[in-house]
2 protein chains.
Amino acid sequence: MKNQSYQDDVDIAAASLERMLSSFVALSPADVDRVRGWFHGPALVHPPGGSVSLHPERQDARVVARGWIARGAMLEDGRRQIVGLSLPGDVILAADAVDADMAVWALTDASTLDASLLWEAISESVDVSPRLLEAWRQVRSAERLRLARHVIRLGRLSAYERTAHLLLELYERQSRLGAAEPGVLHLPLTQDMLADILGLSAVHINRTLQQLRRAGLVDYRTGRAILPDLQGLALAAGLSIADDLADAPPSRD
Amino acid sequence: MKNQSYQDDVDIAAASLERMLSSFVALSPADVDRVRGWFHGPALVHPPGGSVSLHPERQDARVVARGWIARGAMLEDGRRQIVGLSLPGDVILAADAVDADMAVWALTDASTLDASLLWEAISESVDVSPRLLEAWRQVRSAERLRLARHVIRLGRLSAYERTAHLLLELYERQSRLGAAEPGVLHLPLTQDMLADILGLSAVHINRTLQQLRRAGLVDYRTGRAILPDLQGLALAAGLSIADDLADAPPSRD
DNA sequence: CGTCGGATTGAGTTAATTCAAAGAGTGTGG
DNA sequence: CCACACTCTTTGAATTAACTCAATCCGACG
């Protein structure tokens, strides 16, 4: 709630991105410094629902410091489809957002910083170590994989499977950054927003979450979800996201 | 039907890729030569349904010479979801295909060539002119945009809209390469395959195509579709893909 | 002429939707 | 501290889009 200073946001964003990069490829201290140097204020603050403008001009990019941001489409008749989520540390490239019916907007209170220096450095391969470049590529690759999975989710999974699948993905994403307590998913999304991600109605999301709760797989409350049985959830999702979670065996207390 | 020689396939693939690249950024003759130099035989021939193997090892990539290739998931229970299509001239990167439940397979008789030289050259920025690099980036960017649109299609469009939307996208893709006669879409897909792209059942695809025909928007036969009214089709798709088609004003004869 | 892989049709079923109303939780101002 | 307002969630009932299953049709090909 307290008003974060710009410098705080810079630090948070840089730290998050750095954690994300090094979760793929270990970075040298020099690389870490480089990452920090890429961002400057001022941070832009986005209220929930506020749109995040990226200029199609070359190399425009923003990094998320706080909050969750959606990329997707808002059709004229009110239908909405979220194509992807950007969490703190994620970089949103104008190239990915530019399209007639595509938009970027904040789902929660959020703030972003200019990251065009980063994008420029990486795309010109100037002042970037090979490891850093490789880490960045893997981040991008993971993004593409998420997009592909999103397609599969929407195309062929039932509401029940879809929901399980998404929650697992988000959990995996958060625990990769090391932030999450085991089994606890920070989830600042309303059921409306979940519906817009999963291509379902909010009402049906609600019923599906109840099913998942009855099955002992998910305990949802606005702001967070508890996933007491990751294995079971993976099973419910029907897809093999499970691999990465195998470390924590199903606790049967 | 006649057995294409390997050299033919190399030529075809290189020419298609070159046309695709230069549809975004005009290439110099030297660049064109460079593109041609990137591919060698032997071509791999893939029968319909045959899987295209890409080795996750660094930089593996294949270019499509003939036929249509699908990237997607085949679930254990037989459900199938196609995430993206690769047409002649398209490059399939191992990095995009690698995942537990992800696969790449031929939809028609197809042949592909090793393109790891290309991918290597581009990712190292060695022996690549800035224009060529820029063209490649735009190709990739167009791919990402298609993926995003696929998500929107599956998440929020009705069967009718979805089908119209996909046909338009394919048409736009083909006419960009200059190959298509106006209003004619080369479409070597069975209704089953369309179903696996659009996340619908084959039966429902059939009924939807009939609706579109009755509306005077699509005349489908295996192997090709005729789109007599692109404006109307764009309207039916509900999304503004229309822009690129504006050149041909609605003929009211 | 028979066969085989699509395509088409019909009938019954189901998953998810819409609409409408009511319940909870939280914050604000009196 | 209560009452109101607001947003989000929950529930019920009716509707619908899309699915499944099974039969039939059609066209290409040997």
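When reading the values below, keep in mind they use all heavy atoms of this one structure, side chains included, and skip hydrogens, waters and symmetry mates. In what follows, chains are A, B, ... by sequence order, proteins preceding strands, each numbered from 1.
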In whole angstrom, give the distance that lies between atom [atom1] of [X] and atom [atom2] of [N].
{"X": "B:L187", "N": "C:dG6", "atom1": "CG", "atom2": "C1'", "answer": "14 Å"}
{"X": "A:L107", "N": "D:dT7", "atom1": "CG", "atom2": "P", "answer": "17 Å"}
{"X": "A:N206", "N": "D:dT7", "atom1": "CG", "atom2": "C1'", "answer": "14 Å"}
{"X": "A:L198", "N": "C:dA16", "atom1": "CG", "atom2": "C1'", "answer": "13 Å"}
{"X": "A:R156", "N": "D:dC19", "atom1": "CZ", "atom2": "P", "answer": "7 Å"}
{"X": "A:L154", "N": "C:dA16", "atom1": "CG", "atom2": "P", "answer": "12 Å"}
{"X": "A:R221", "N": "D:dT10", "atom1": "CZ", "atom2": "P", "answer": "11 Å"}
{"X": "A:D192", "N": "D:dT10", "atom1": "CG", "atom2": "P", "answer": "12 Å"}

Kindly say whether, by distance alone, the side chain of B:R207 makes a donor-acceptor pair under 3.5 Å with the base of C:dG10?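 Present.
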Side-chain N or O of [X] closer than 4.0 Å to phosphate OP1/OP2 of [N]:
{"X": "B:Q210", "N": "C:dA7", "answer": "no"}
{"X": "A:T190", "N": "D:dT7", "answer": "no"}
{"X": "B:Q191", "N": "C:dG5", "answer": "no"}

Regarding B:S201, tell me which of base, sugar-phosphate or nothing describes its non-hydrogen contacts under 4.0 Å with the strands shown.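 Answer is base: heavy atoms of B:S201 come under 4.0 Å of a base.
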Taking any heavy-atom pair under 4.0 Å as a contact, classify B:Y220: base, sugar-phosphate, or nothing.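 Sugar-phosphate: the residue B:Y220, judged by heavy atoms under 4.0 Å, touches backbone atoms but no base.
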Quick check for you: among [options], whose closest atom lies nearest to any side-chain atom of [X]?
{"X": "A:L200", "options": "C:dA16, C:dA20, D:dC19", "result": "C:dA16"}
{"X": "B:H204", "options": "D:dA18, D:dT11, C:dT9", "result": "D:dA18"}
{"X": "A:S158", "options": "C:dA16, C:dG6, D:dT9", "result": "C:dA16"}
{"X": "A:T222", "options": "D:dT9, D:dC21, C:dT18", "result": "D:dT9"}

Contact check, side chains of A:D114 and A:R62, non-hydrogen atoms, under 4.5 Å: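 Yes - at least one pair of side-chain heavy atoms lies under 4.5 Å apart.
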Walk me through whether B:E143 and B:D96 qualify under side chain to side chain contact (heavy atoms under 4.5 Å, CB included). CA-CA 11 Å; B:E143 254 167 62; B:D96 289 355; 4.2 Å; yes
Can you tell me if B:H165 and B:R153 form a side-chain donor-acceptor pair at under 3.5 Å?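 Present: a donor and an acceptor within the cut-off.
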Between B:H46 and B:T112, is there a side-chain donor-acceptor contact under 3.5 Å, judged purely by atom types and distance?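 Yes, side-chain donor-acceptor contact under 3.5 Å.
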Whichever of A:A202 and B:R162 has its nearest DNA chain D nucleotide further upstream toward 5':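 The residue mapped nearer the 5' terminus is A:A202.
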Determine, step by step, whether B:E161 and B:S158 satisfy the side chain to side chain donor-acceptor pair (under 3.5 Å) criterion, reporting the C-alpha distance in whole Å, the side-chain angles of both residues, the deciding distance to 0.1 Å, and the verdict. CA-CA 5 Å; B:E161 294 168 316; B:S158 70; 3.2 Å; yes
